[in-house]
Amino acid sequence: MGKMKWIQTLTAGLVLLALSTYFYTVNSSGLFYFLEDPLQDNMRKAKSVEERQPDDRIKIVKIDDKSLSAIGKFPWDRSTYAQLIEKLEESGAAAIGIDVVLAEPSKNPADDKALADVLAKYHNVIMPVQINYPSKQQQAGDLIPEKVDYPTPTLTTNRQQMAHINVFVDKDGKARKLPVGLPDETGTYIPAFSVALANLVLDNEDKVKRDGATGQWKRGNVVLPTNDRNQVTTEFFTLPRQKVDATTGYEMLSFIDVLNSKKPLPLQGSIVLVGPFVTAMQDEYPTPISSVKMFGIEIHANMIQTLLESKFYKETSKPVGIGIIVLVSLLAIFLFERFKGRTALFIFLGVFIAYGGIWLLLYTVGSIFAPLVYPQFALGTIYIWSLVSHYIEERKERNRVTGIFGRFVSKSVVDELLQSGEDVKLGGSRKDISLIFVDIRGFTPMSERLEPEQVIQVLNEYLDVCTKAIFKFNGTLDKFIGDGVMAMFGAPIAYDNHPEMAVRSAIEMKSQANILEQKLIEKYGIGVKFGLGINSGPAVVGNIGSEDLRLDYTAIGDTVNLSARLEANAKPGQILISEQTYARVKDLFVIEPIGEIKVKGKEKPVMVYEVMGNL
């Protein structure tokens with residue numbers, strides 16, 4: 001390449017580099033904020049179930065329609081909260097947060113005294129402070145309150161039991177960040193609701209505190225990435241109003257159910273948040289992970305987990321972002337001038353995807369957002385310029401190059417995978433496992449009454465119940481057998497308590513199937529139940545089938561056969577287990593003997609037991 005050509009290329013590349021940098025720094029959000037922010041939001045929204053693992057210590061007690069119907073309209077008597085706190089304390093809650101502002105004295109002093117006595121008795125209860133700000137501050141970054149609504153003095157004067165519940169939203173109205181602390185009228189910082197509750201369970205060396213000398217907020221020795229309003233970005237571990245299942249959602253309890261509970265609830269060591277869960281109470285906000293608004297109590301719960309896990313989303317500084325743009329641009333200038341045609345396209349796609357992968361890795365591993373649109377804008381524009389430049393320079397070859405790009409199709413990678421991949425071989429090993437066989441009782445009569453599309457829908461719902469229950473207790477889904485399911489526990493990963501996990505999975509299936517049955521009865525006038533059989537013992541587990549055509553990872557042996565026979569003998573709604581399984585779980589569940597039954601393939605009758613439920 002001639003010297004003049006290099007100068008032209010470098011000049012054009014530097015102009016595009018400067019343009020990308022300007023777009024990045026034109027304001028605090030960048031010119032392409034309407035692309036960058038939604039991309040970041042979508043990344044957070046697209047977290048997988050494995051990434052979005054709610055902390056099971058965090059529980060939410062909902063002030064919901066059910067509670068309002070039972071207790072009455074707001075505001076409730078303060079003694080109601082006192083009774084609830086007593087129930088939670090009896091259940092072993094480690095921290096309790098009441099997200100209901102009680103700034104005015106009750107008309108009945110006895111009600112205030114009842115709650116005040118409880119607050120004095122238990123120091124792990126946090127009451128809310130609402131800080132009100134004027135519509136505009138005198139200077140950007142100011143946090144001068146107009147009014148602070150503290151709990152009425154008739155309840156408590158203990159500042160250690162107070163925390164602010166303010167939720168700030170960004171310019172687009174979405175709640176992405178929460179202030180970990182806000183100054184009151186005197187400049188004294190009030191910790192956030194989430195901070196106060198998290199500190200009740202964090203070790204002393206990990207507690208969240210403000211360094212008075214530097215103004216920094218720290219979790220232990222780690223400086224939190226706060227902005228000028230003391231905000232950190234909340235990681236969202238749940239979607240709005242997400243119901244708890246095997247892997248998602250904080251456990252939610254209705255206020256009235258807790259209040260009416262006759263015995264302690266399983267809340268030992270839990271952080272319990274009590275707050276509104278109805279739209280009418282106007283405590284909900286848009287978030288970056290869903291178009292559905294999230295209740296304030298859910299946002300606080302997610303912020304608590306953010307603090308507990310020390311997971312904070314951060315943005316790279318402007319100098320670092322500019323450095324990334326410069327690096328990507330210079331690399332693009334060099335590569336696209338040196339390589340042409342299909343090679344240049346592959347390089348463009350490779351760099352584009354590689355940078356996207358690095359960007360994703362930074363977020364996944366370090367919760368760091370680097371600029372995405374601007375470096376790729378520079379990459380794309382420089383690539384386009386290279387195409388134009390080569391087009392002008394090589395006009396005679398335009399048709400050929402166009403033909404190459406026009407005829408380009410993606411190459412199949414199947415042969416490559418087969419050649420480079422490791423061979424899968426037949427064979428297996430002997431393992432101690434538990435087997436579940438599940439069959440839908442009454443499915444055939446129901447299928448005769450429903451349309452084929454309805455039959456498939458119902459079948460999928462029941463199989464979904466089975467699958468979720470299996471995965472919830474670390475089982476392996478072996479196969480679907482018509483309207484039945486085979487699953488194993490203890491393979492391929494070995495667990496000592498695989499019989500227990502199998503039984504718990506079966507109980508979960510039965511429970512969820514009962515709920516689904518009621519829905520089907522209401523919708524179609526007919527319902528079905530599960531019949532389940534469980535057996536434990538040795539079986540050969542491995543790849544079985546045709547080495548050339550198809551392999552299945554499954555289990556075979558007498559243990560498997562007996563499990564299938566037990567399922568065949570199970571009545572609708574029954575969970576039958578063998579004597580081998582019973583011997584291992586008899587102290588863990590309510591189990592009743594059925595007696596000996598004759599099963600196919602066995603000369604002698606086998607002793608069978610029915611699992612009635614958990615202890």
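Just so you know, residue 1 is the first one in the sequence shown, and it goes up from there.
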**Q.** Step-by-step side chain to side chain donor-acceptor pair (under 3.5 Å) determination, Asn302 to Thr234
**A.** CA-CA 7 Å; Asn302 280 280; Thr234 302; over 6 Å; no

Q: Test Ile591 against Val585 for side chain to side chain contact (heavy atoms under 4.5 Å, CB included), laying out the working first.
A: CA-CA 9 Å; Ile591 301 174; Val585 301; 3.9 Å; yes

Q: Tell me, with the steps shown, if Gln161 and Tyr122 meet side chain to side chain contact (heavy atoms under 4.5 Å, CB included).
A: CA-CA 10 Å; Gln161 290 182 266; Tyr122 303 111; 6.0 Å; no

Q: In sequence, state the C-alpha distance, the side-chain angles, and the governing distance for Ile85 and Leu115, and then conclude on side chain to side chain contact (heavy atoms under 4.5 Å, CB included).
A: CA-CA 9 Å; Ile85 293 171; Leu115 181 54; 3.8 Å; yes

**Q.** Residue pair Lys62, Ile297: steps toward the side chain to side chain contact (heavy atoms under 4.5 Å, CB included) verdict
**A.** CA-CA 9 Å; Lys62 304 180 293 182; Ile297 198 71; over 6 Å; no

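The shortest heavy-atom contact between Val541 and Ala491 is CG1-CB, 3.9 Å. In this structure, Asp206 and Leu202 approach most closely via the heavy-atom pair O-CD1, 3.5 Å. Looking at every heavy atom in both residues, Val292 comes nearest to Pro240 through O-CG, 3.2 Å. Minimum heavy-atom separation, Ile433 to Thr559: O-CG2, 4.5 Å. A pairwise comparison of heavy atoms in Ile534 and Thr581 identifies O-OG1, 3.8 Å as the closest pair. Of all non-hydrogen atoms in Ala94 and Asn124, the two that sit nearest each other are O-ND2, 3.2 Å.
Between the CD1 atom of Ile436 and the CG atom of Asp478 there is a distance of 12.0 Å, given to the nearest 0.5 Å. Distance check, rounded to the nearest 0.5 Å: CD1 of Ile577 to CG of Leu562 gives 11.5 Å. The CD1 atom of Ile58 sits 4.5 Å away from the OH atom of Tyr250 when rounded to the nearest 0.5 Å. Rounded to the nearest 0.5 Å, atoms CG (Leu532) and CZ (Phe437) are 12.0 Å apart. The CG atom of Leu88 sits 12.0 Å away from atom CD of Gln83, with the distance rounded to the nearest 0.5 Å. The distance from atom NZ of Lys510 to atom OG of Ser505, rounded to the nearest 0.5 Å, is 14.0 Å.
Between the Arg57 side chain and the Ile271 main chain, no donor and acceptor come within less than 3.5 Å of each other. Of the possible donor and acceptor atoms, one in the side chain of Arg219 sits under 3.5 Å from a partner among the backbone N and O of Leu308. Of the possible polar contacts, one joining the Lys207 side chain to the Asn199 backbone as a donor-acceptor pair under 3.5 Å is found. Listed for the Asp464 side chain is no donor-acceptor partner under 3.5 Å among the backbone atoms of Asn460. Listed for the Glu508 side chain is no donor-acceptor partner under 3.5 Å among the backbone atoms of Ala469. A donor-acceptor pair is defined here as one N or O able to donate and one able to accept, closer than 3.5 Å; no such pair exists between the side chain of Gln454 and the backbone of Arg449. Looking at Lys66, its side chain never comes within 3.5 Å of a backbone N or O of Ile63 through a donor-acceptor pair.
A heavy-atom distance below 4.5 Å is found between the side chains of Ile507 and Phe589. A 4.5 Å side-chain heavy-atom check between Val608 and Asn569 finds every atom pair outside the cut-off. Between Leu267 and Leu253, some side-chain heavy-atom pair lies under the 4.5 Å cut-off. Put simply, the side chain of Ile515 does not reach to within 4.5 Å of the side chain of Val465, judged on heavy atoms. In this structure the side chain of Asn474 never reaches within 4.5 angstrom of the side chain of His498, judged on heavy atoms. A 4.5 Å side-chain heavy-atom check between Lys87 and Leu265 finds every atom pair outside the cut-off. Contact check for Val606 versus Glu579: no side-chain heavy atoms found under the 4.5 Å cut-off. Met509 has its side chain within reach of Ile470: a pair of non-hydrogen atoms, C-beta onward, lies under 4.5 Å apart.
Taking a cutoff of 4.0 Å between a charged side-chain nitrogen and a carboxylate oxygen, Glu86 and Lys121 qualify as a salt bridge. A salt bridge links Glu567 to Arg441: at least one charged side-chain nitrogen sits closer than 4.0 Å to a carboxylate oxygen.
The aromatic rings of Tyr81 and Phe255 lie perpendicular to each other, with more than 60° between the two planes, well past the 30° mark. In this structure, Phe277 and Phe295 have tilted ring planes: the angle between them lies in the 30° to 60° band.
For the side-chain hydrogen bond (donor to acceptor under 3.5 Å, both in side chains) with Ser434, the qualifying choice from Ser563, Ser536, Ser578 is Ser536, the only one to do so. Shown are Leu516, Leu463, Asp483, Leu450; of these, the side-chain contact (heavy atoms from CB on, under 4.5 Å) with Val458 is made only by Leu450.
The closest side-chain donor-acceptor pair between Ser67 and Asp64 falls under 3.5 angstrom.
Under a cut-off of 6.0 angstrom, the local environment of CD in Glu205 is crowded, with over 12 non-hydrogen atoms contributed by other residues, nucleotides or ligands. Surrounding NZ of Lys598 are more than 12 heavy atoms belonging to other residues, nucleotides or ligands, all under 6.0 Å away.
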